[in-house]
Amino acid sequence: MKLKDDISQLISGEVENTPEVLTTYSHDASLFEVKPEVVAYPKDASDVKALVKYVKDNKAKVPNLSITARSAGTDMSGGAVNDSIVADFNRHFTSITETTKTTAHAQPGVFYRDFEKATLEHGALMPSYPASRELCTIGGMVNNNSGGEKSLEYGKTENFVTELKVVLADGNEVTMAPLTKAQLDIKRKLSTFEGEVYRKTFDLVDKHYDAIKAAKPHVTKNSTGYNLWDVWDRDTGIFDLTKLVVGAQGTLGLTTDIKFRLVAARPHSGLLVAFLHDIDHLGEVINVVLKHKPATFESFDDVTLWLSIKFMPYFLKMLGPVKFIQLLIGLIPDGFMLLHGLPKLILMVEFNGESVEEVRTKIKALHKELDLKHSYYEITAEEEDDTEFKSQKYWIMRRQSFQLLRKKVKDKHTAPFIDDLVVNPEYLPKFLPEMRKIIKKYQLFATIAGHMGDGNFHIIPLMKIEDPKELAKIRPAMQETNELVLKYHGVLSGEHNDGMIRGPWLERAYGQEIYGYFKDVKNIFDPQGIFNPHKKANADWDWTMGHIRQSF
Ligand SMILES: Cc1cc2nc3c(=O)[nH]c(=O)nc-3n(C[C@H](O)[C@H](O)[C@H](O)COP(=O)(O)OP(=O)(O)OC[C@H]3O[C@@H](n4cnc5c(N)ncnc54)[C@H](O)[C@@H]3O)c2cc1C
């Protein structure tokens, strides 16, 4: 009770600890359950500062005290749960300050769906939105360094953040943006905690410059570890702490304000869908597709397709009856395609362009070169709305696959523990059959969907977690998968981040030296360990497995 009373006196936002609230906040979209003591809803930056100062001042007396930021709580790694204070940004940090054709300025608790409406009014887009685009916030996207279907062309959220306001571990709010060396030197001279952060971080990344640069994974997307390699560039002379905070899951500080750069939304797009009945030649297919430089290259498997067909009524609820009937009619040609048997993999390749003609030319060129006989058909952009509608059924299946599993499959639960691996497309022909063997060996009933162009796969087993036999599969199956990913020079997470589930594997993935620098960074920013404990470099496997979800 004391914690709630203390905090209530300090902040103007609400503080709650009813059993219902605590149960809701015990979960995100991960495998875990961690019950907070209180949930605080800061109204503004002063509230966030007061919360952090309270935790800092009382940490020595109450060692378990800590603070975890939470926005929409759709994190799949256990990043948004905590056993002490959870600070919810989704209630009050919801203002969009300004949007222009090229920039946006907003608070972290804004839902991406609302943010996008505002940017599209200027014909602009922040293109790193995830499949959870209807559910998540921009603060969660920044702190997970999220990516999605457009990341193949544009990269992840890290490429679009230009400035952040962050409350540091001393309880002060600072502004972070790319700095020249001269600007950095001014920061390093400050006698404040901010100055200390700049001094120590620069010393770390400059002293171990070559080792840190060499540790950057050679994949097109990565959300594991701390992004140390992008902070300091001796060639450009730019030092940028936003690169470190983006993707840090609130373990280095709390984000209160975000500025983004935007790209122009392309007026026309078209989708080529390929039904692959035989995946032996997947490697060649991928190489051909990538040569054509598509805007997106997504895929989902036969299990996802089958579940989508089985749970069509779920889509009815989501779309409303008129759109659902249109969707069913739209599916008739696909029904005929399915008479050839359920394809093993559905590939979705999207092209953008300034005109319908441009899009159609791109699709036709790929169409011709793929030469997949009857296992494909194409959708071209006749007009914007039409295209959007025709392709919508595939996007729904692709984007909603995980949500469908979470909501609809009875007596089994989604178990995201090998949910986000990345292996460069060149290795996929060898990697995928070996991956399938692991899935078979552990008898995991898993759907596979993903961002094919980046070699980023979401493998989500459905399990009875409460059954000890099922639970016992997690560690060995994860170990074998991780070793396989590392054998092919991949990373364990392209988008979903480390949290509790992958944090314990960081040392294995990066080696002792780089893992040591991750720990150093955490200590520089958070010397008392007040921010989001048990995640990323401070995760511990036993603690993680001690918090497997018990209630559903
Ligand atoms: C159906 C489904 C599909 C998904 N698909 C994708 C996908 O395609 N790509 C992808 O990248 N992810 C995906 N995810 C994971 C997740 O939705 C995204 O990472 C999303 O960006 C998280 O946003 P959120 O608002 O829910 O954040 P939360 O879950 O609330 O938080 C995410 C992390 O950021 C931290 N955080 C939140 N706000 C702040 C703040 N103000 N200051 C400091 N730290 C903060 C939290 O502590 C946590 O560690 C998916 C999840 C679901 C359920």
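Counting convention: from 1, in listed order, for ligands and their atoms alike.
Pocket lining of ligand 1, defined as residues with a non-hydrogen atom under 4.0 Å away: A29, T68, A69, R70, S71, A72, G73, T74, D75, M76, G79, A80, F89, P108, P130, A131, S132, C136, T137, G140, M141, N143, N144, S146, G147, Q249, G250, G253, L254, T255, F402, Q403, R406, E495, H496, N532.
Contact annotation: the side chain of T137 never approaches that of Y112 to less than 4.5 Å [non-hydrogen atoms, C-beta and beyond].
Screening residues 243-263 for salt bridge (Lys or Arg N to Asp or Glu O under 4.0 Å) gives E163-K259 as the qualifying pairs, with residues at least two apart or on separate chains. The list of salt bridge (Lys or Arg N to Asp or Glu O under 4.0 Å) pairs with a residue in residues 74-95, not counting sequence neighbours, reads E14-R91, E16-R91.
The ring of F260 has its center closer than 6.0 angstrom to the ring center of F115.
For the side-chain contact (heavy atoms from CB on, under 4.5 Å) criterion with I346, the lone passing option out of L305, D302, T304, D301 is L305.
Under the salt bridge (charged side-chain N to carboxylate O under 4.0 Å, His left out) criterion, E158 pairs with no residue, sequence neighbours left out.
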